[in-house]
Amino acid sequence: MPLMNMVEAINSALRLEMERDPSMLIIGEDVGRAGGVFRVTDGLQAQFGNRRVVDTPLAESAIVGAAVGLAARGLRPVAEVQFLGFIYETMDQMASQAARMRFRTAGRIHLPMVVRSPYGGGVRTPELHSDSLEGLFVHTPGIKVVMPSSPYDAKGLLLSAIRDPDPVLYLEPMRLYRAFKEEVPDGEYTVELGKAKVVAEGDDLTLITWGAAAPVATAAAAEWRDKQGGSVEVIDLRTVAPMDEEAIVRSVAKTGRVLIVHEAVKSGGVGAEVAALVSEKCMLSLLAPILRVTGYDTPYPAFAVEEDWLPNKQRIFKAMQELLSYR
Amino acid sequence: MPLMNMVEAINSALRLEMERDPSMLIIGEDVGRAGGVFRVTDGLQAQFGNRRVVDTPLAESAIVGAAVGLAARGLRPVAEVQFLGFIYETMDQMASQAARMRFRTAGRIHLPMVVRSPYGGGVRTPELHSDSLEGLFVHTPGIKVVMPSSPYDAKGLLLSAIRDPDPVLYLEPMRLYRAFKEEVPDGEYTVELGKAKVVAEGDDLTLITWGAAAPVATAAAAEWRDKQGGSVEVIDLRTVAPMDEEAIVRSVAKTGRVLIVHEAVKSGGVGAEVAALVSEKCMLSLLAPILRVTGYDTPYPAFAVEEDWLPNKQRIFKAMQELLSYR
Amino acid sequence: MWINPEDLTVTQWQVLNEAGELVREAPSLGHRQLLEVYRYMVIARAYDERAMRLQRQGRIGTYAPFSGQEAAQIGSAYALERSDWMFPSYREAPALWVHGAPLEYSLLYTMGHVFGARLPEGVHAFPVQIIIAGQATHVMGSAWASTYLEDKRVSLCYLGDGATSQGDFHESLNFASVLKLPAIYFIQNNQWAISLPRSHQTGSATFAQKGLAYGIPGVQVDGNDVLAVYQVTMEAVRRAREGKGPSLIEAVTYRNGPHTTSDDPNRYRSQAEVESWKQKDPIVRLRRYLTGLQIWDDEREQALWQEAAQVIEQVVAKAEGVPKGTLAESFDYVYATPTPRLQEQWATLERGR
Amino acid sequence: MWINPEDLTVTQWQVLNEAGELVREAPSLGHRQLLEVYRYMVIARAYDERAMRLQRQGRIGTYAPFSGQEAAQIGSAYALERSDWMFPSYREAPALWVHGAPLEYSLLYTMGHVFGARLPEGVHAFPVQIIIAGQATHVMGSAWASTYLEDKRVSLCYLGDGATSQGDFHESLNFASVLKLPAIYFIQNNQWAISLPRSHQTGSATFAQKGLAYGIPGVQVDGNDVLAVYQVTMEAVRRAREGKGPSLIEAVTYRNGPHTTSDDPNRYRSQAEVESWKQKDPIVRLRRYLTGLQIWDDEREQALWQEAAQVIEQVVAKAEGVPKGTLAESFDYVYATPTPRLQEQWATLERGR
Ligand SMILES: Cc1ncc(C[n+]2csc(CCOP(=O)(O)OP(=O)(O)O)c2C)c(N)n1
Ligand SMILES: Cc1ncc(C[n+]2csc(CCOP(=O)(O)OP(=O)(O)O)c2C)c(N)n1
Ligand SMILES: [Mg+2]
Ligand SMILES: [Mg+2]
């Protein structure tokens, strides 16, 4: 099996599905000629032509609105929003339109569309290029939100997302685009939406994470095990809406201690929903407070200090310590 | 003291502050000549002229963007978004611009501006006129979110909001506009932002609520006490960002049981943040799971069935029952 | 050196004057078609009046009347094939009806039915759009789909004068022009956006000229002249089908009634203004023309209004006969397959929490 | 009956041709001013080149070069009073500098400093705007404030060709026209929005004509002709100060370099195109004019570039000398007073979680 980084894996998924499904098209700013600002769509316009890979004018609301119209007419648009910070521009089209069309029309119109967007910090970008905004959409019924953390998952989840009959927001952690390679099948395969992955099994503590934060959290857990010997179960949600509640509840029933690690700001983030879920469903198992290691409650800061803002090993260790020593 | 309903109380606050502060102006769709679709700004253009109460063209992003420019130049704009469902149109201006300007400029520019918006269900409106979207802004550092549930609070909180040096989203529950009157001073007074109100004291259970849901929850708690004799403490948050954590923690330490009641959809709502807070800070006091009675995880439904969707007494009773019988 | 907006002159296109006389050649509509159009207009008017009463009786919710705008809506909708796609706002019951959606569907919507925005299979239209100009990007996406599929269908959306101020209007016209899409932007300039008069909605002298910002042909038409409306829309349709790109039509018309049943227009406009527009009534005008053609008379007029009353009676009966749907049912339409959390909530709903 | 965009002709305004010869009367700038403008342009160019090197050395982050656009930026900024308000995008270091912000501030921004977007007190400008066209509504709000305060100040914003596609651009121009605000929308049409050429950005022949959609006077000017840019901006400023409302200026220019240091323009544009624009270089053009006026020669040219190198050296030293700030400090700028939760987080930050 070839080794791919995440950019290659996503590109492969897009290419395979474009080959398979003539109703799929890719639209967005700079996705064609330039192959995307991160080269994620590199080579696709050359292969499929500018009818199917379309560079649009600079207007995010129209990009998502166009996808609504295209999808309603039976096509499968995969739209790109260049950075997730710009998704605010599309909130009406995402939340009032895309998310509600099936509900509004009681099933008469549904929208098989994907909006892809790079997000997350740690790559020294200017303002509004590093924000994690999945929380807005977890509060938006009708949208699914997928956040892969590895090349293998990225490809399989994207193929599922494109084939899904409903709108999917597919978020790509920039920092992981080229961070590492892993074995990824050349051909097509899918990873089911809404299913978490147990990255590491353990008995003492459940660490719940996703997307950009997952490798950081997983590495911290591994190092902790090596150094301290405790056993931490790591769950990578992969899809934050819908959330794999069963996986969470099953693990917490076993460990009784919960640490949530995400990159978005803390207040009102998806971590809050995970904590709320656990505190509703796992009361009898809980042995310690539910802790969150997240971005702080400030806007994403200037990149000179971003590493201090992001969840890191040190902060995760402190929280694990606190949880495991809690009696 | 005169009796006022919420519309009168808000109108009174706007009028008093317009009289006091010549740098304040009111802008929005239909706020002038028509006095607002709910008559909240009735009579203000007649009193202050169309220089200070301005009917704008139909464009929410520009309304909020204008407020940013006006506030940066030392004025105090109070902008209206006609229904909260349309706030999605302003998300970029709210979240990327208004919320971040102080942070972006490290204090050089700050924005004393208010965005008012009616919200909430139960009044048989068309689609997108009934949504509760405070959750989006609790996840947006830099914005304060105020949600009064009574005429007295509405007036005092609005005066605080207008005088606050930072952007405030001020949400007005439509259903409560004319639901009841209470004594409200004619003159000015403020209710501090970020401070919850203990509506009823009690020892057995803490019911946390705000805005449109507060009267429903409060009435349910009162009826429960009368019928079942238990004692429920009801906390009306009044401001959901920043949240009065101290009031919550203090109460839960006493009762050990928590019920959260809000109108927004459940997943990822402000209730999740409250639950997360409690599960982090009150672990040792908790005697039962944390429950939420909220809107379901669907878009706000057609009004023929909205009463089934909204939190109601029956659902609140069931949850209280569950909590109080939990061992 | 400056492009001065004042140098631009735009003349309004008219075919029938207020007296119902031709001021230029009529579009090629046979008598049968003219009578069909008139029937649509009269029944629409009767529906609107009935709906206003239903609202006052509490049998429907907030209602947005369209009286005065029948020519604009019906003239334009009549220029479409049923296979074309229509994107209405919330005031287009007549247009949707002409396009194939039975009138009771519009009534269901105002009743707040769970299925109130589900148009029947085979009707190529989006449902009522509440967000002002939200449909403007959808019409563009749909037109894009037609280009992609090479299906020669046209996509037409209705917008109000107020809707032209929204960013989505702009973004969409720009896309449609760059991509040369078969989209038609039909603006009903009914002079008011709730309480905001057209003069405060934009600084441009016409809405038609906004096409110049995108390289899109625009036209201002007398929106109370159904023949003129039909004619310009047919041209836009032809251009779209021939692959020549989008068009912008401004139909100058008037909303006779309140913005919605919750609105009190006396707060912002004069009775004199309302009266002056009554002189331009689109139905009266077409009736005069038909009378002049000697294919219409008082007797037929009476009979038509009677028919209208019956039709509307049936529409109301049908709509009121539809079970309103349950919240539990609507759980099926959040996603193709309810999520586990929705399933759980559905169960608690059934159990009463 | 249709308003045909092809009937509109727009001619570009020029004062200096490529040879640096006057093609019409020059605006009233004395020699001292001409030399000052030239000095700004040369030092800006030197800054841009140096910044590109700093980026390659890893001393600053992503950088958006402006070489080629000096005339557009400096000519327009020079037409403002310091008390006027400026709203830049992310490519306007020269304009901000002319308006009073020391160059090192722009450098700090690209260094990702905590204080990188805090302009000094007394500089009437918004910071770098990352959201395309976000500043378009702010300039309108600021112009509105000037009308409200009757302070006769003008508010000018810079936008790219790509920015004109955004909804905020449209909404803002419409407001400014209706409210007759002293706002100037200055579009640098540098032919590209990252990889999208101007021909795919809009279907209109010029950006200047977009003013017709709002009833706003528009002009297309040779953006590499600093005299022409200054002249039209002065007219727009005058109009604004006289209470005559907003203006739209399209300056036709070119971005010589990549979009940013992360961009590879070879993927989307030809070297031939880049070369052809070098013939129109704004600095060369003004130098020729000054030489023709006999107020410039090779010796002065050399001395100026030497001065530029020194100035830039100091700018870099200053910027690199500023402590980068800490995350903890930035907690003070979320709200006027940190919330209890922020205070708590600040404490955990200090403790390392
Ligand atoms: C985004 C948005 N903003 C505001 C409203 C509230 N609203 C409903 S109709 C209306 C006026 C619309 O005017 P116009 O576009 O001229 O259409 P008309 O009602 O005249 O048909 C307003 C402001 C809305 N529905 N959506
Ligand atoms: C809302 C938004 N969408 C997309 C981007 C990404 N982006 C940054 S610059 C740019 C192109 C801008 O082109 P133009 O307006 O012509 O300005 P120029 O870069 O040529 O100065 C894009 C797409 C952004 N910053 N903001
Ligand atoms: Mg209107
Ligand atoms: Mg450009």
Side-chain angles (χ1 to χ4, degrees), chain C residues 1-14 24 133 137 164-180 196 199-221 228 231-232 235-236 239 245-250, chain D residues 1-14 24 133 137 164-180 196 199-221 228 231-232 235-236 239 245-250:
Chain C
M1 79 217 223
W2 291 84
I3 307 167
N4 188 345
E6 281 159 28
D7 296 342
L8 191 76
T9 41
V10 175
T11 41
Q12 205 178 99
W13 185 254
Q14 203 184 47
R24 50 172 55 85
T137 57
T164 64
S165 295
Q166 286 281 10
D168 272 358
F169 169 80
H170 172 77
E171 296 189 5
S172 174
L173 268 85
N174 189 49
F175 267 58
S177 177
V178 168
L179 300 169
K180 248 183 183 272
L196 198 73
S199 59
H200 286 60
Q201 191 63 253
T202 182
S204 72
T206 68
F207 292 101
Q209 77 198 55
K210 288 182 187 283
L212 290 171
Y214 314 99
I216 293 180
V219 68
Q220 189 186 58
V221 63
Q231 193 171 56
V232 300
E235 284 196 43
R239 198 155 43 221
S247 306
L248 177 67
I249 299 171
E250 173 189 0
Chain D
M1 79 215 223
W2 291 84
I3 306 166
N4 188 345
E6 281 159 27
D7 294 342
L8 191 75
T9 41
V10 175
T11 42
Q12 207 178 98
W13 185 256
Q14 203 183 47
R24 52 173 54 84
T137 56
T164 64
S165 294
Q166 287 280 10
D168 272 358
F169 169 80
H170 171 77
E171 296 188 5
S172 173
L173 268 85
N174 189 49
F175 266 58
S177 177
V178 168
L179 300 170
K180 247 182 184 273
L196 198 75
S199 58
H200 285 60
Q201 191 64 254
T202 182
S204 72
T206 68
F207 292 101
Q209 77 197 58
K210 288 182 188 283
L212 290 171
Y214 314 99
I216 293 180
V219 68
Q220 189 185 58
V221 63
Q231 193 169 57
V232 300
E235 285 195 43
R239 199 155 42 221
S247 308
L248 178 66
I249 299 171
E250 173 189 1

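All values below come from the heavy atoms of this structure, side chains included, with hydrogens, waters and symmetry mates left out. Naming: A, B, ... by sequence-line order, numbering from 1 per chain.
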Chain C contact via D/A208 - side chain, backbone, both or neither, heavy atoms under 4.5 Å: both
Nearest heavy-atom neighbours spanning C/G203 and D/S177: CA-OG, 3.3 Å
When D/L248, D/L173, D/V232, D/V221 are compared by non-hydrogen pairs under 4.5 Å with chain C, the top option: D/V232
For the student: nearest non-hydrogen atoms of C/N174 and D/T202, plus distance: OD1-OG1, 3.1 Å
For chain D, the option from C/H200, C/R239, C/Q220 that forms the most heavy-atom pairs under 4.5 Å: C/R239
Geometric class of the C/H170/D/F169 ring pair [parallel <30°, tilted 30-60°, perpendicular >60°]: tilted
Gap separating the CG atom of D/D7 from the CG atom of C/L8, nearest 0.5 angstrom: 10.5 Å
Distance in Å, D/N4 CG paired with C/L212 CG, rounded so as to fall on 0.5 Å steps: 9.0 Å
D/I216 portion near chain C, given a 4.5 angstrom heavy-atom threshold: backbone
Non-hydrogen side-chain atoms of C/W2 and D/S247 separated by less than 4.5 Å: yes
Point-to-point distance, once rounded to the nearest 0.5 Å, from CE of D/M1 to OG1 of C/T11: 10.5 Å
Atom group of D/A228 that falls short of 4.5 Å from chain C, counting heavy atoms: neither
Nearest heavy-atom neighbours spanning D/G215 and C/P5: C-CG, 3.4 Å
Heavy-atom donor-acceptor pair, C/Q209 side chain to D/A213 backbone, under 3.5 Å: no
Leading residue by heavy atom contact count with chain C [cutoff under 4.5 Å; candidates D/T206, D/T164, D/V219, D/I249]: D/V219
Which atoms of D/Q166 approach chain C - backbone, side chain, both or neither, heavy atom under 4.5 Å: both
Heavy-atom proximity to chain C below 4.5 Å, by part of D/R24: neither
